[in-house]
Amino acid sequence: MIREANFDGLVGPTHNYAGLSVGNLASEANLGRFANPRAAALQGLEKMKVLMDLGYWQGVLPPLARPDVAALRRLGFSGDDAQVLKAAAQEPILLAACSSASSMWTANAATVSPSVDCADGRVHFTPANLVSKLHRALEPAATGRVLQRIFADQAHFAHHAALPAHECLGDEGAANHTRFATAYGSPGVEFFVYGKHGARPGKQPQRYPARQTRLASEAVARLHGLNPQATVYAQQSPQVIDAGVFHNDVIAVGNLDLMLCHEQAFEQPMAVFAEIERALGQPLNRILVPAARISVSTAVKSYLFNSQLLAGDDGHVLLAPAECEEHPEVAGYLADLVGHSPIGRVLYLDLRQSMQNGGGPACLRLRVVLTAEQKAAVAPGVWLNEKNYPELRNWVETHYRDRLEPKDLADPALLQESHAALDELTGLLRLGSIYPFQA
């Protein structure tokens with residue numbers, strides 16, 4: 001048995017709206033609002049349970065430890081933890097960056113290639129370097145340690161360091177990576193989307209940065225030992241990046257031999273589709289959404305393409321944010337797709353807390369194709385099940401605040417609460433000590 005597992009990031013206790021992600025319109029629009037970390041984490045857990053109840057393999061990834069006091073000390077703030085936080089509050093952007101709960105966007109955690117695609121027959125992981133944003137650039141080393149703890153068996157899993165932290169090698173992980181295949185166990189086509197080359201001149205956005213480079217994508221493909229004949233690179237349209245499409249997963253989503261994307265997603269889209277079909281060896285099922293039905297602006301507001309596309313017994317299942325159901329144009333379009341396309345069912349979920357920070361269902365998960373033997377080699381405590389789901393809900397309700405704004409990040413009690421919560425979480429997930437404060 002070979003299946004696709006979804007590993008969702010738990011929203012951390014410091015979830016807040018600090019507006020750190022320029023180019024992410026929702027993040028910018030909600031700057032300074034009160035967040036509800038408890039609701040955010042419970043909404044994410046409910047999403048995971050929906051997939052578990054549908055029979056999908058569903059894993060849980062722990063949040064990173066925040067505030068990152070060690071990073072603040074590296075930036076010159078000194079004293080005990082409370083003094084460091086008080087001093088850092090004088091530079092709110094640095095405190096916010098070191099306190100961000102953005103590791104919940106596990107689509108950016110890494111690029112993952114299944115064993116059937118890799119030359120050595122192992123599943124390969126490369127954490128994204130996330131150099132385009134300060135708050136995210138603090139994550140790669142810790143993310144790598146967590147992935148190595150969960151996928152520890154070297155006979156089945158291979159781990160690489162994040163690419164060198166330079167804008168020429170900007171890497172945003174699986175948010176710009178899709179795999180197409182006739183079946184999960186068949187060799188597939190690994191599809192990398194980039195915003196600019198990285199070293200050569202060419203088209204690129206003018207208003208917002210292109211976060212992913214082709215140089216980075218090519219480096220990841222080499223590290224994973226991918227077949228060059230089954231690896232396809234495509235440039236994202238600079239115009240849609242400037243319209244707020246900061247990752248490819250905001251304008252396109254794919255699974256197996258199906259792609260759902262906006263007609264304006266790529267430069268030279270017909271050539272892109274032809275290249276994927278050549279590598280796949282068969283036609284690609286394409287649902288090309290016309291701008292006349294759904295504008296790029298509407299796609300960004302509703303996060304239509306940040307839905308999860310899941311293989312089901314009676315066609316694909318589209319797991320969409322509730323905002324899609326609330327938008328008449330999008331809801332009408334999706335209703336037209338059901339029964340008239342490979343999508344057989346649409347499920348809507350309320351992820352409003354994460355949506356207001358700029359990410360929907362697909363942002364919250366990392367896809368990992370596994371054989372039954374590889375699944376058995378994963379740290380067993382991270383699989384969501386009927387026993388630990390209520391335990392995790394109770395953990396959130398016990399430890400998380402229901403109201404948080406950026407100024408609260410300087411509160412020493414928040415740091416203590418976060419450490420207490422994460423210390424208990426590693427026990428629930430049976431991961432041992434994974435955080436520096438546990439050493």
Short side-chain to backbone donor-acceptor contact, [X] and [Y], under 3.5 Å:
{"X": "R430", "Y": "G427", "value": "no"}
{"X": "T426", "Y": "S433", "value": "no"}
{"X": "D117", "Y": "G188", "value": "yes"}
{"X": "Q235", "Y": "G195", "value": "yes"}
{"X": "N129", "Y": "D171", "value": "yes"}
{"X": "Q43", "Y": "R352", "value": "yes"}
{"X": "N176", "Y": "Q212", "value": "no"}
{"X": "N108", "Y": "G173", "value": "no"}
{"X": "T106", "Y": "A109", "value": "no"}
{"X": "H262", "Y": "I294", "value": "yes"}

| said: If you apply the rule side chain to side chain contact (heavy atoms under 4.5 Å, CB included), what do you find for V253 with N306, and how did you get there? | reply: CA-CA 7 Å; V253 60; N306 201 247; over 6 Å; no
Compare all side-chain heavy atoms of [X] with those of [Y] and state whether any distance is below 4.5 angstrom.
{"X": "Q356", "Y": "R33", "result": "yes"}
{"X": "L334", "Y": "Y348", "result": "yes"}
{"X": "F151", "Y": "H159", "result": "yes"}
{"X": "V240", "Y": "V250", "result": "no"}
{"X": "S307", "Y": "L319", "result": "no"}
{"X": "C324", "Y": "Y333", "result": "no"}
{"X": "C98", "Y": "L75", "result": "yes"}
{"X": "W105", "Y": "S354", "result": "yes"}

Could you tell me the separation between the [atom1] atom of [X] and the [atom2] atom of [Y], rounded to the nearest 0.5 Å?
{"X": "I287", "Y": "C261", "atom1": "CD1", "atom2": "SG", "result": "9.5 Å"}
{"X": "S102", "Y": "R66", "atom1": "OG", "atom2": "CZ", "result": "7.0 Å"}
{"X": "T213", "Y": "E172", "atom1": "OG1", "atom2": "CD", "result": "10.0 Å"}
{"X": "D350", "Y": "K47", "atom1": "CG", "atom2": "NZ", "result": "13.0 Å"}
{"X": "L138", "Y": "L130", "atom1": "CG", "atom2": "CG", "result": "10.0 Å"}
{"X": "E397", "Y": "R38", "atom1": "CD", "atom2": "CZ", "result": "7.5 Å"}

What class does the angle between the rings of [X] and [Y] fall in, given that below 30° is parallel, 30 to 60° is tilted and above 60° is perpendicular?
{"X": "H177", "Y": "F192", "value": "tilted"}
{"X": "H15", "Y": "Y17", "value": "perpendicular"}
{"X": "F7", "Y": "W383", "value": "tilted"}

Other residues, nucleotides, ligands: >12 heavy atoms within 6.0 Å of [X] [atom1]:
{"X": "E373", "atom1": "CD", "result": "no"}
{"X": "R3", "atom1": "CZ", "result": "yes"}
{"X": "K86", "atom1": "NZ", "result": "no"}

[Y]/[X] salt bridge by N-O under 4.0 Å criterion:
{"X": "E329", "Y": "K301", "result": "no"}
{"X": "R73", "Y": "D81", "result": "yes"}
{"X": "E139", "Y": "R136", "result": "yes"}

| request: Go through W57 and L370 one step at a time and tell me if the side chain to side chain contact (heavy atoms under 4.5 Å, CB included) criterion holds. | output: CA-CA 10 Å; W57 290 349; L370 298 167; 4.1 Å; yes
| query | Pick one: which of D53, D8, N6 meets side chain to side chain donor-acceptor pair (under 3.5 Å) with Q58? | reply |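 So the option named by the test is D8.
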| task | Please lay out, stage by stage, how V300 and F246 fare under the test side chain to side chain contact (heavy atoms under 4.5 Å, CB included). | result | CA-CA 10 Å; V300 171; F246 52 96; over 6 Å; no
| said: Set out, in order, the CA-CA distance, both residues' side-chain angles and the distance that settles side chain to side chain contact (heavy atoms under 4.5 Å, CB included) for Y208 and V245, then state yes or no. | reply: CA-CA 9 Å; Y208 295 125; V245 180; over 6 Å; no
Which heavy-atom pair separates [X] from [Y] by the least distance, and what is that distance?
{"X": "G12", "Y": "P63", "result": "CA-CB, 3.8 Å"}
{"X": "A71", "Y": "D68", "result": "N-OD1, 3.0 Å"}
{"X": "P238", "Y": "Q204", "result": "CB-C, 3.6 Å"}
{"X": "S113", "Y": "L226", "result": "OG-CD2, 3.7 Å"}
{"X": "A174", "Y": "L366", "result": "CB-CD1, 4.0 Å"}
{"X": "A152", "Y": "R149", "result": "CB-O, 3.7 Å"}

| task | Using the side chain to side chain donor-acceptor pair (under 3.5 Å) rule, take D242 and Q206 through it: C-alpha gap first, then chi angles, then the decisive distance, then the call. | result | CA-CA 7 Å; D242 280 337; Q206 300 302 306; over 6 Å; no
| query | Can you name the residues that form a side chain to side chain donor-acceptor pair (under 3.5 Å) with N385, not counting sequence neighbours? | reply | none
| message | By the definition salt bridge (Lys or Arg N to Asp or Glu O under 4.0 Å), identify the one residue from K407, R401, R403 that meets it with E405. | response | K407
| message | So, using salt bridge (Lys or Arg N to Asp or Glu O under 4.0 Å) as the criterion, who are the partners of E391 when residues are at least two apart? | response |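 Scan of E391 (salt bridge (Lys or Arg N to Asp or Glu O under 4.0 Å), adjacent residues dropped) gives K387.
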| task | Determine the sole option in N255, L260, L347 for which the side chain to side chain contact (heavy atoms under 4.5 Å, CB included) test with L318 is passed. | result | L260
| said: Here's a test for you: under ring pair (Phe, Tyr, Trp, His ring centres under 6.0 Å), which of Y194, Y233, F191 qualifies with F266? | reply: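 With F266 as partner, Y194, Y233, F191 yield a single ring pair (Phe, Tyr, Trp, His ring centres under 6.0 Å), made by F191.
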